[in-house]
2 protein chains.
Amino acid sequence: MDQDLASTVAAFRAVMLTLKRAKTHDMMATVAGMRIDQPDAQVLIHLLDAGEPRRVGVIAQALHVESPHVTRTVNKLEGQGMLERVRDPEDGRAWRIGLTPKGTDVAQVCMRVHTEIFETAMSTWSPQDRADLTRLLGKLSTEMSAILEERLEKA
Amino acid sequence: MDQDLASTVAAFRAVMLTLKRAKTHDMMATVAGMRIDQPDAQVLIHLLDAGEPRRVGVIAQALHVESPHVTRTVNKLEGQGMLERVRDPEDGRAWRIGLTPKGTDVAQVCMRVHTEIFETAMSTWSPQDRADLTRLLGKLSTEMSAILEERLEKA
DNA sequence: TATTGTTATACTCTATAACTATA
DNA sequence: TATAGTTATAGAGTATAACAATA
């Protein structure tokens, strides 16, 4: 049983390591014909996933980074015509960051590239196995986020 | 079905983001009472997992980083008495990097801290769900590594 | 006075290039 | 000449601190 747990952690770590490294991202970006770095892709994907404009602070929280990091990424992408800033009508201090049509296109490509790797890896799986992985990873994600959030607040 | 896939990728990304950030690692290290950074922990865990001394190049390949990065980490850990270098008897150019007793202790703590988070997250799961996640992540890891390795070679 | 975001700066992690030594 | 590893350097990614503007 404990061996199972160790295997789970090891497998997760292995996938994470392959996805995290720069070469993997570069290869994916090249395949997609884009010149874009990892933080850019994360912001774009997040906004596409959200389906509506979001504040800098909200994006930072979702990506688990500090807001200055998001500010710089947003500035760059705004300069490239992928994002646009609009004053938040309900709070004069805040902005809403939204995807432009161009940004939406690029975000979709980014998401597609990520998805495609999983799709290929699972191409021979049974529908049951696919559904199970989705369900279990969803549970794992929810519960791990809650645990870590709680512990970080304590510390 | 495609929605399933998108959810899977999103869930994986969410877990990855929480684990990757510095604050999470720092919190874990503090809980474990250690002052150790992320690359250190990765090398120690890899060697513990391997169960025997390994070459620098082999470690680098397993962690998906370049060898100079491993060299520096190993130098540091050697200076702290956690690793030891022994000339490879079969190849005078190479070294075998092994855990000292102290390094083994620290590696076990590192691994335990990681494992404990997964364990807590899955504490209420059925044995079936746990076993399924282990099996499916194992498959995913194997196939994704193969795909990415193949594509990186082509590029 | 607290909060949203930005600017400025520094640190961590990782990659590339140039070199040494053995094969 | 090819390979294992190291040293030196540079880059990507992220955090912290100090500040501006609005609430």
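Here is the naming used below: chain letters follow the sequence lines, and residue numbers restart at 1 for every chain.
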Within residues 45-52 of chain B: residues closer than 4.0 Å to DNA chain D (heavy atoms): none
Could you give the CG-to-C1' distance, from B:Asp37 to D:dA15, as a whole number of Å? 15 Å
Nearest-angstrom distance from the residue atom CD1 of A:Ile36 to P of D:dA12: 14 Å
In whole Å, I'd like the distance from the CG atom of B:Asp26 to the C1' atom of D:dA15. 10 Å
So, the side chain of A:Arg55 versus the backbone of A:Ala94: is there a donor-acceptor pair under 3.5 Å, distance only? no
Is it true that A:Glu66 and B:Arg21 make a salt bridge, defined as a side-chain N closer than 4.0 Å to a carboxylate O? no
Could you check how far CD1 of A:Ile59 sits from C1' of D:dT14, rounded to whole Å? 16 Å
Whole-Å distance separating the CH2 atom of B:Trp95 from the P atom of D:dT6: 8 Å
Donor-acceptor contact present, side-chain A:Thr24 to main-chain A:Lys20, <3.5 Å: no
Verify the distance criterion only: is there a donor paired with an acceptor across the side chains of A:Thr8 and B:Thr134 at less than 3.5 Å? yes
For A:Gln38 against A:His25, the heavy-atom pair lying closest together: CG-CG, 3.4 Å
How would you give the extent of chain B contacts on DNA chain C, as first and last nucleotide 5' to 3' within a 4.0 Å heavy-atom cut-off? C:dC13 to C:dA23
May I ask you to decide whether B:Asp40 forms a salt bridge with B:Lys76, counting only side-chain N to carboxylate O separations under 4.0 Å? yes
Using a strict cut-off of less than 4.0 Å between a Lys/Arg side-chain nitrogen and an Asp/Glu carboxylate oxygen, indicate whether B:Lys23 and A:Glu149 qualify as a salt bridge. no
Residue met sooner reading DNA chain C from 5', once B:His25 and A:Asp91 are mapped to nucleotides: A:Asp91
For the pair made of CZ in A:Arg55 and P in D:dT22, what is the distance, rounded to whole Å? 14 Å
Look at B:Glu116 together with A:Arg151 and state whether they make a salt bridge at an N to O cut-off of under 4.0 Å. yes
Provide, to the nearest angstrom, the distance between the NZ atom belonging to A:Lys23 and the C1' atom belonging to D:dG13. 18 Å
Between B:Val56 and B:Lys20, who's closer to the 5' end of DNA chain D by nearest nucleotide? B:Val56
B:Asp129 bridged to A:Arg135 by N-O distance under 4.0 Å: yes
Selection: residues 62-87 of chain A, any non-hydrogen atom under 4.0 Å of DNA chain C: A:Ser67, A:Pro68, A:Thr71, A:Asn75, A:Arg85
Kindly say whether B:Leu137 contributes a backbone atom to a donor-acceptor pair with the side chain of B:Ser141 at under 3.5 angstrom? no
Any donor-acceptor N/O pair, A:Arg130 side chain to B:Asp4 backbone, under 3.5 Å: no
